[in-house]
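Order of the sequence lines fixes the chain letters, A, B, ..., with proteins taken first and strands second; residue numbering starts at 1 for each chain.
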There are 2 protein chains.
Amino acid sequence: MRRRVGITDVAAKAGVSVTTVSHVLSSRRPVSQATRNRVLKVIEELDYRPNELARSMRAQRTFTIALIVPDITDPFGASVARGLQDAVRPASYHCLVASTDAERDVERDILHRLLTRVDGVVLSGSGNTPEELEPVIDARLPLVLLGADTPGPGFDVVTGADHDSGALATKHLLERGHRRIAVITAPTDFGAPARRVEGYRDALTEAGLPADPALVVSAPVTRDGGAYAMAALMDLPDRPEAVICGDDVVAIGAVGAAAGRGLSVPADVAVMGFGDHEAAALVTPKLTTMALPSREHGRAAGELILERIRETEPGEPRRIVIPAVLVQRDSA
Amino acid sequence: MRRRVGITDVAAKAGVSVTTVSHVLSSRRPVSQATRNRVLKVIEELDYRPNELARSMRAQRTFTIALIVPDITDPFGASVARGLQDAVRPASYHCLVASTDAERDVERDILHRLLTRVDGVVLSGSGNTPEELEPVIDARLPLVLLGADTPGPGFDVVTGADHDSGALATKHLLERGHRRIAVITAPTDFGAPARRVEGYRDALTEAGLPADPALVVSAPVTRDGGAYAMAALMDLPDRPEAVICGDDVVAIGAVGAAAGRGLSVPADVAVMGFGDHEAAALVTPKLTTMALPSREHGRAAGELILERIRETEPGEPRRIVIPAVLVQRDSA
DNA sequence: TTGAAAGCGCTAACAG
DNA sequence: CTGTTAGCGCTTTCAA
């Protein structure tokens, strides 16, 4: 492999010192027009490109942000990656992305190996135990957690407005005249799904309606999960007129189950989803859903990191909340 | 920011030279058990982690592969990213990913800035003009093009078996007894879509059937595109019994258009898609489609790059073909 | 307006 | 078995 041309080659050929070459590149001190032109010409001729690695090493800055997600293949992770890049590219930062399959070991391993290669990390998924975060906090590396609820010492948070979006979905259904509203949620008692359910309950209460516990069922986040849960709901003596599903895929399963019993959506039951997946606009009826602007999550995370990098004194832990937006289509 | 602990700190505290520390880390030369233990203990105490950047600089190797795609947000790009990571992580390589929106300027800019930061690049999308590739090839950086048909000096290629998958889809329809088979393809005369259409024609010819040009129509790769094209096809005096769509989204539009005319799928017309998107299994009827194993594309690219990095002599340009696989569901 | 030289943190000859 | 030292390619004092 031909040796890459370095700053010394340019200096030699232009008959100046490396210092001067460096300065025509950085404009950090005046260089006579004549010298500058000569150097520029040589740079051109040699097709010289400064070695970023060496630069980073000097500057103690890598111009790279790490994004660690459970799976880049899922639409949320991918959008976040995109938003992150959107935010940091103008500042000449790159994004390193890694998928962990939510495995702790992999997460820790990747985190370790990345620590000295990046200027900040955006972490999404399970790795939120303080212990796992420790190395990056220790390293004084800007850290943003995605989807966690509260920031803490050494890390910021960007999260969806889960409570509000649950309430928003509920209010939409309320406005359409529905009174018995059910929820199919993911089988967890904490995190975003739980907060959405709370929002749903509060919206009901606010409207002076009872929150019937029988109307909150949990199901795996799959098509079949949605179908079974919906079937159960439809078998209720006093079946709900509308159901909010924790995910579009679940909603699609629910719509299928309704159709299977001769119920039409939204005439007989209204169905809402969460996420606004590609499929949401493709199925029949088109899904009314709460879009989670995941790209915004990524963008916000990127901006947060950039700020942290720039600030001299570590400020207060910060929290950015991204609201969900109602996308009204045909299913509710 | 507290100064990071370096190898010198460890050496000092352990009362040995940096060389020794380096060697207990790398095991590249024997170190007495006693010294080793002492050093290890200090490393632990100080929570020392070698600076990867400095390592890279010394080794002239960054342990990073760049992936440049039009949009990481689209399922193909994301899967490729995933496959790439799968392939290179065992070798301790990271992935830098960048989306270009298929804009030449962005692509060139990113490419330039990445050149000195990565050990190889995987490039997908439009940037395939020799001129744009030049900097990478010049830099003797392993380069893999995704979706390009033929490799060349300085770059390899991993591509789908486009001709074959067109033929495969056609044969599937032939086997189901269809004779008049139409195609809705993307509006380009080259690349993967064109090669698939050729495969379709050849399969027809091989079966002793005429390839009616009226049955090959082009449409934008959108739901509506598919719907309009399908409508046109259904208006033909002798309408086709089956249609192969260049993308699942198009197929979904086509199914909708068929339904709109009271035609049922697959009873009245069979419809096939390409891509096996998430939505393919979610719509009704579930789409029969050609899955493009994009993760495999990424994996293959990763392996190729790794090989190139390891090899001393630049070998022949290589080409890896990933077959598509028929996923039979309900629409054909 | 320009240069010499000291590192950034690490590895690997070369020397004991 | 261990240490001294010369860089990797760049930026930036310090000095002219």
Under-3.5 Å N/O pairs linking protein and nucleotides 12-16 of chain D:
unit_1	atom_1	unit_2	atom_2	d
D/dT12	OP2	A/Arg28	NE	3.1
D/dT12	O4	A/Thr19	OG1	3.2

Residues [X] and [Y] bridged, charged N to O under 4.0 Å:
X        : Y        : result
A/Glu44  : A/Lys41  : no
B/Arg113 : B/Asp109 : yes
B/Arg82  : A/Asp71  : yes
A/Glu296 : A/Arg299 : yes
A/Asp86  : A/Arg295 : yes

Contact residues, residues 41-53 of chain B to DNA chain C [heavy atom, < 4.0 Å]: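 Output list: B/Tyr48, B/Pro50, B/Asn51.
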Dot-bracket notation for DNA chain C, counting Watson-Crick and G-U pairs under 3.5 Å, with | for partners on another strand: ||||||||||||||||
When the distance from [atom1] of [X] to [atom2] of [N] is rounded to whole Å, what number comes out?
X        : N      : atom1 : atom2 : result
B/Asp9   : C/dC8  : CG    : P     : 11 Å
A/Arg117 : C/dG9  : CZ    : P     : 16 Å
A/Arg61  : D/dT11 : CZ    : C1'   : 15 Å
A/Leu25  : D/dC10 : CG    : C1'   : 10 Å
B/Met57  : D/dC10 : CE    : P     : 8 Å

More than 12 heavy atoms from other groups under 6.0 Å of CD on B/Glu311: yes
Residues in side chain to side chain contact (heavy atoms under 4.5 Å, CB included) contact with B/Arg49, at least two apart in sequence or another chain: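 Partners of B/Arg49 under the side chain to side chain contact (heavy atoms under 4.5 Å, CB included) test: A/His112, A/Leu115, A/Pro135, B/Arg4, B/Asp47.
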Side chain to side chain contact (heavy atoms under 4.5 Å, CB included) partners of A/Arg195, counting only residues at least two apart: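 With neighbours one apart ignored, the set is A/Asp149, A/Thr159, A/Asp162, A/Ala192.
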B/Thr73 versus A/Ser79, closest heavy-atom pair with distance: OG1-CA, 3.7 Å
Pairwise side-chain contact, B/Phe76 with B/Pro70, heavy-atom cut-off 4.5 Å (strictly under): no
Neighbours of DNA chain D within residues 30-39 of chain A, by heavy-atom distance under 4.0 Å: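 Within residues 30-39 of chain A, no residue comes under 4.0 Å of DNA chain D.
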Mutual orientation of the aromatic rings belonging to A/Phe63 and A/Tyr93 [parallel < 30°, tilted 30-60°, perpendicular > 60°]: tilted
OP1 or OP2 of C/dG9 under 4.0 Å from side-chain N/O of A/Gln60: yes
Atom pair CG/CD1 of A/Leu96 and A/Ile65 - distance to nearest 0.5 Å: 10.0 Å
Under 3.5 Å: donor-acceptor pair, side chain of A/Asp119, backbone of A/Thr62: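 Indeed, once roles are kept as given, a pair shorter than 3.5 Å links the two residues.
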